[in-house]
Q: 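Submitted below is the structure of interest, expressed as structure tokens.
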Amino acid sequence: MKTHPLPLITHKADFQRALLGWYRANARALPWREAPSLYKTVVSEFMLQQTQVKTVLPYFARWLAEFPDFTALAAAPEARVLKLWEGLGYYARARNLHRLARALAARPKAPRTADEWRELPGVGPYTAAAIVSIAFGDPAACVDGNVVRILARLTADGSKFRDSASAARELSPLADALLTRDAPGDHNQAMMELGATLCTKGNPPCPVCPVRAFCATGPHGDAKKFPRFDPKTTGRRTVVRVWCERDGRLLLHRAAAGARRLAELHELPTAEQAGLEARTVARGSLLLRRTRTITRWQITESIYAWSKKISARSPELVWISAARLEKVSLSGPHRRWVREILAQSSDKEE
């Protein structure tokens, strides 16, 4: 026999009590929740954009140890900021956080409303709502991927959304209507916690969900069908990269300071960046091949050894000694690849 959920909006006070009661009894002990501060909230929200908590934890600890507040971060050189961020990806977040710290350092006091925060670098609707609700108790509802999933399941919303951003916009009025006005920070964190730990993408454990009584999908076993998105098309690309060592130095490509992505970060050069033809490089010895997905692209990258002369002259091509490799900022995948190839070389020598 099917059970019928309690109407969500007309029983929202019961929903809020169930959600907050569960959260306050079961919230994970996370470092930004211990002795919380505006700075910890801002740093954690930037780091958690498109990144899982377990990945962020060691980065957050190192970051706070070196940059304990906005003043310390604002005074740091960008190269050091990027080095501390190395491996987290989406480096624009680090640059925006650095710029935000400098903007706040120039103000007499931090802004307190979501609209004011959205004027700062790297702060969108979700991040602004998270900051002001957690740090200042401002009643702004957060809607990220976790919250979209919860709301779509609670209401059995069969809409086909184009993407997470469009889903967030459409579900924002519902999120705002359900917000606990006198505890917005806890409410937002409770929703995010629920989405991260119970109302997950795969097979959520609906029988133990604290808001199951209000859910239109969980009791019927079809929660995992929601939310619904238009199918994504994935393109495929191949990239040929060059591994060239000379006199104990490795050739790398450093993106220009004004580059849209990866500005001033190092990577192994593509054949084209090294002034070579990809098909010529691909005749050499294959050292490593990896496939990764970036946005809608599945990219297969092959790294080949190159022992001949590199004639290309570009300020973006730099030779880095083995002693300096760990000190320069490489993008996360390239750091792993460089270490793998060096480890292979070391094993062969032994």
Q: Looking at every non-hydrogen atom in both residues, tell me the closest pair between P184 and D182 and how far apart they are.
A: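 Smallest interatomic distance, heavy atoms only, reads CD-C, 3.6 Å.
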Q: Who are the side chain to side chain donor-acceptor pair (under 3.5 Å) partners of T127, not counting sequence neighbours?
A: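 Applying side chain to side chain donor-acceptor pair (under 3.5 Å) to T127 gives Q49.
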Q: Could you tell me whether a side-chain N or O of Q16 sits under 3.5 Å from a main-chain N or O of L178, the two making a donor and an acceptor?
A: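 Yes, because the side chain of Q16 sits within donor-acceptor range (under 3.5 Å) of the backbone of L178.
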Q: Could you list the residues that satisfy side chain to side chain donor-acceptor pair (under 3.5 Å) with T180, not counting sequence neighbours?
A: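 Only H187 meet the side chain to side chain donor-acceptor pair (under 3.5 Å) criterion with T180.
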Q: Is any side-chain heavy atom of E267 less than 4.5 Å from a side-chain heavy atom of Q273?
A: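 A side-chain contact is absent here, since even the closest heavy-atom pair is not under 4.5 Å.
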Q: Within this structure, what is the CG-CD1 distance for the pair L268 and I303, rounded to the nearest 0.5 Å?
A: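 Rounded to the nearest 0.5 Å, the CG-CD1 separation comes to 5.0 Å.
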Q: Please identify each residue that fulfils salt bridge (Lys or Arg N to Asp or Glu O under 4.0 Å) with E301, with sequence neighbours left out.
A: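 Partners of E301 under the salt bridge (Lys or Arg N to Asp or Glu O under 4.0 Å) test: R241, R292.
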Q: Under 3.5 Å, is there a donor-acceptor pair between the side chain of K224 and the main chain of K201?
A: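 Side chain of K224 to backbone of K201, a donor-acceptor pair under 3.5 Å: no, none is there.
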Q: Taking all non-hydrogen atoms of both residues, which atom of A94 and which atom of V81 are closest, and how far apart?
A: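 Smallest heavy-atom distance, with atoms named: O-CG1, 3.9 Å.
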Q: Can you check whether P111 reaches L104 side chain to side chain, under 4.5 Å on heavy atoms?
A: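 They are in contact (side-chain heavy atoms under 4.5 Å apart), so the answer is yes.
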Q: Which of these passes side-chain contact (heavy atoms from CB on, under 4.5 Å) with I131: D138, L38, L120?
A: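 By the side-chain contact (heavy atoms from CB on, under 4.5 Å) criterion, I131 pairs with just one of D138, L38, L120: L38.
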Q: Answer yes or no: is there a side-chain heavy-atom contact under 4.5 Å between L342 and L325?
A: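 A side-chain contact exists here, since the closest heavy-atom pair is under 4.5 Å.
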Q: For Y39, check ring-ring contact (aromatic ring centres under 6.0 Å, His included) against everything at least two apart and list the hits.
A: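 With sequence neighbours excluded, Y39 shows a ring-ring contact (aromatic ring centres under 6.0 Å, His included) to F70, given in chain and number order.
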Q: Any donor and acceptor pair, going by atom type alone, linking the side chain of T51 with main-chain N or O of L48 inside 3.5 Å?
A: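 No, T51 side chain to L48 backbone: no donor-acceptor pair under 3.5 Å.
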Q: By side chain to side chain donor-acceptor pair (under 3.5 Å), which residues pair with W85, not counting sequence neighbours?
A: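 With neighbours one apart ignored, the set is empty.
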Q: If you define the side chain from C-beta out and look only at heavy atoms, does anything of V123 sit under 4.5 Å from N96?
A: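 No, side chains not in contact.
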Q: State, with a plain yes or no, whether a side-chain heavy atom of R181 is found less than 4.5 Å away from one of D176.
A: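 A side-chain contact under 4.5 Å exists here.
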Q: Any chance you could pull the hydrophobic cluster mates of Y90, using side-chain heavy atoms under 4.5 angstrom and chaining through other members?
A: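 Noted: Y90 shares its cluster with no other residue.
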Q: Run the side chain to side chain contact (heavy atoms under 4.5 Å, CB included) test on E45 and I134 for me, step by step, so that the C-alpha distance in whole Å, both residues' side-chain angles and the decisive distance to 0.1 Å come before the verdict.
A: CA-CA 11 Å; E45 289 301 329; I134 296 169; 4.1 Å; yes
Q: Under the ring-ring contact (aromatic ring centres under 6.0 Å, His included) rule, what pairs show up with a residue in residues 7-34, not counting sequence neighbours?
A: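 Non-adjacent pairs meeting ring-ring contact (aromatic ring centres under 6.0 Å, His included): F15-F214, W32-F60.
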Q: Do the side chains of I299 and V239 get nearer than 4.5 Å, heavy atoms only?
A: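 SC-SC contact between V239 and I299 confirmed.
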Q: Locate the shortest heavy-atom distance separating A177 from K12; write the atom from each residue and the value.
A: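 Closest approach of A177 to K12: O-NZ, 3.0 Å.
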Q: Checking D157 against T155: is there a side-chain donor and acceptor pair closer than 3.5 Å?
A: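 No - no donor-acceptor pair under 3.5 Å links their side chains.
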Q: Enter the distance from S285:OG to W243:CH2 here, rounded to the nearest 0.5 Å.
A: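 So the gap between those two atoms works out to 12.5 Å.
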Q: Yes or no on side chain to side chain contact (heavy atoms under 4.5 Å, CB included) for L250 and E245, after CA distance, side-chain angles and deciding distance?
A: CA-CA 5 Å; L250 178 66; E245 292 182 89; 3.9 Å; yes
Q: Can you check whether W117 reaches V42 side chain to side chain, under 4.5 Å on heavy atoms?
A: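 Touching, per the 4.5 Å side-chain cut-off.
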Q: Tell me, please, which residues at least two apart from R336 pass salt bridge (Lys or Arg N to Asp or Glu O under 4.0 Å).
A: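 With neighbours one apart ignored, the set is empty.
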Q: Can I get a per-line list of side-chain donor-acceptor pairs under 3.5 Å for residues 190-199, giving both atom names and the distance, sequence neighbours left out?
A:
unit_1: E193; atom_1: OE1; unit_2: R28; atom_2: NE; d: 3.4
unit_1: E193; atom_1: OE1; unit_2: R28; atom_2: NH2; d: 3.1
unit_1: E193; atom_1: OE1; unit_2: R33; atom_2: NH1; d: 3.2
unit_1: E193; atom_1: OE1; unit_2: R33; atom_2: NH2; d: 2.8
unit_1: E193; atom_1: OE2; unit_2: R28; atom_2: N; d: 2.9
unit_1: E193; atom_1: OE2; unit_2: R28; atom_2: NE; d: 2.9
unit_1: T197; atom_1: OG1; unit_2: E193; atom_2: O; d: 2.7

Q: For R246, which residues count as a salt bridge (Lys or Arg N to Asp or Glu O under 4.0 Å) partner, sequence neighbours excluded?
A: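 So R246 forms no salt bridge (Lys or Arg N to Asp or Glu O under 4.0 Å) with any residue.
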Q: Atom CG of D247 and atom OG of S321: how far apart are they, to the nearest 0.5 Å?
A: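 Going from the CG atom of D247 to the OG atom of S321 covers 11.5 Å.
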Q: Charged N to carboxylate O below 4.0 Å: is that the case for R339 and E326?
A: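 Yes.
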Q: Can you tell me how far CD of E119 sits from CG of L100, rounded to the nearest 0.5 angstrom?
A: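 It comes to 12.0 Å.
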Q: Could you check L171 against V147 for side chain to side chain contact (heavy atoms under 4.5 Å, CB included), going step by step and ending with a plain yes or no?
A: CA-CA 9 Å; L171 292 170; V147 177; over 6 Å; no
Q: Restricting to side chain to side chain donor-acceptor pair (under 3.5 Å), what partner residues turn up for R236, sequence neighbours left out?
A: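 Counting only residues at least two positions away or on another chain, R236 forms a side chain to side chain donor-acceptor pair (under 3.5 Å) with Q298.
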Q: Checking K40 side chain against E34 main chain: does a donor-acceptor pair fall under 3.5 Å?
A: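 Yes; judged by distance alone, with no hydrogens or angles, the pair exists.
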Q: Angle class for the W63/F67 ring planes (parallel below 30°, perpendicular above 60°, tilted otherwise)?
A: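 W63 vs F67 ring planes: perpendicular.
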Q: Any donor and acceptor pair, going by atom type alone, linking the side chain of R153 with main-chain N or O of F226 inside 3.5 Å?
A: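 Side chain of R153 to backbone of F226: a pair is present.
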Q: Does a donor on one side chain and an acceptor on the other come within less than 3.5 Å for Q52 and T55?
A: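 Short answer, no.
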Q: Ignoring hydrogens and angles, state whether a donor on the side chain of T300 or T238 is under 3.5 Å from an acceptor on the partner side chain.
A: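 No.
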Q: What are the two closest heavy atoms between C142 and N188, and how far apart are they?
A: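 Smallest interatomic distance, heavy atoms only, reads N-OD1, 3.0 Å.
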Q: Test your reading of the model: is there a side-chain donor-acceptor pair from R93 to the backbone of L88, 3.5 Å cut-off?
A: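 Here the side-chain-to-backbone pair exists.
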Q: Run the salt-bridge test on D186 and R24 with the 4.0 Å N-O cut-off and return the result as yes or no.
A: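 So D186 pairs with R24 through a salt bridge.
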Q: Rounded to the nearest 0.5 Å, how far does CD1 of I341 lie from CG of L287?
A: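 Nearest 0.5 Å value for the CG-CD1 distance: 5.0 Å.
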Q: Side-chain heavy atoms under 4.5 Å apart, restricted to Ile/Leu/Val/Met/Phe/Trp/Tyr: what other residues fall into the cluster of V281, or is it alone?
A: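 For the cluster that includes V281, the remaining residues are V240, V242, L251, L276, L286, Y304, W306, I310, L317, W319.
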Q: Which pair of heavy atoms, one from P227 and one from A152, lies closest together, and at what distance?
A: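 For P227 and A152, the tightest heavy-atom pair comes out as CB-CB, 3.6 Å.
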Q: So R149 and N146, side chain to side chain donor-acceptor pair (under 3.5 Å) or not? Walk me through it.
A: CA-CA 5 Å; R149 188 163 60 252; N146 281 327; 2.5 Å; yes
Q: Any donor-acceptor pair under 3.5 Å linking the side chain of R102 with the backbone of A74?
A: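 A pair under 3.5 Å: yes.
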Q: Measuring from L19:CG to C209:SG, what's the distance to the nearest 0.5 Å?
A: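 If I round to the nearest 0.5 Å, the distance is 8.5 Å.
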Q: Quick check: closest heavy atoms across R162 and S166, and the distance to 0.1 Å?
A: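 Heavy atoms of R162 and S166 come nearest at N-OG, 3.3 Å.
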Q: Does a side-chain heavy-atom distance below 4.5 Å link H98 with L73?
A: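 Heavy-atom side-chain distance check passes, below 4.5 Å.
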